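If you're wondering where the values come from, they're calculated on a predicted model, not measured in any experiment. Residues take their numbers from the sequence shown, with the count starting at 1.
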Amino acid sequence: FKKGGFATAMDMGFPVLPVTVNGSRRILPKKSTVYHSGPIEVVIDEPIDIADYLPDRIDELLERTRSVIVSNFNPEYPSRRGP
């Protein structure tokens with residue numbers, strides 16, 4: 001969550017699109033170059049309108065975006081079902 005991307009969205013008048021990827025750590029573990037096959041889930045949430053955010057409120061926009069992404073994060077994906 002770097003401010004540059006959010007500042008660019010504000011300058012251009014573009015909404016911010018929160019995207020969460022679940023299951024990718026099982027596919028490509030952190031600090032590894034070996035990947036495995038398996039399912040991932042991409043959650044695309046509603047765009048966040050930047051019209052209510054002035055440049056001095058960039059931290060609020062960043063935190064709102066982070067909150068949406070975290071709310072969609074599922075560390076158990078894909079969840080195991082049954083015994």
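- Contacts of P15 classified as side chain to side chain contact (heavy atoms under 4.5 Å, CB included), with partners at least two apart in sequence or in another chain: P47.
- The two atoms that bring R26 and H36 nearest to each other are O-CD2, 3.7 Å, heavy atoms only.
- P29 places none of its side-chain heavy atoms less than 4.5 Å from the side chain of Y35.
- Hydrophobic clustering (ILVMFWY, side-chain heavy atoms < 4.5 Å, transitive): F1 and V70 are in distinct clusters.
- At a threshold of 4.5 Å between non-hydrogen side-chain atoms, the residues F73 and P75 count as touching.
- By the side chain to side chain contact (heavy atoms under 4.5 Å, CB included) test, S37 pairs with no residue at all, sequence neighbours left out.
- Residues passing the side chain to side chain contact (heavy atoms under 4.5 Å, CB included) test with L61, sequence neighbours excluded: F6, M10, V16, I48, I50, Y53, T65.
- Of all the heavy atoms in V34 and L28, the pair that sits closest is O-CD1, 3.7 Å.
- Within the 4.5 Å cutoff, no side-chain heavy atoms of V19 are placed close to those of V43.
- Sorted by first then second residue, the side chain to side chain donor-acceptor pair (under 3.5 Å) pairs that include residues 7-25, not counting sequence neighbours, are N22-E41.
- Identified under the salt bridge (Lys or Arg N to Asp or Glu O under 4.0 Å) test for residues 56-71, with sequence neighbours left out: K3-D59, R57-E60, E63-R66.
- Linking Ile, Leu, Val, Met, Phe, Trp and Tyr residues whenever their side-chain heavy atoms come within less than 4.5 Å places V21 and I27 in a single cluster.
- For the side chain to side chain contact (heavy atoms under 4.5 Å, CB included) test, residues two or more places apart in sequence or in another chain that qualify with D49 are A51.
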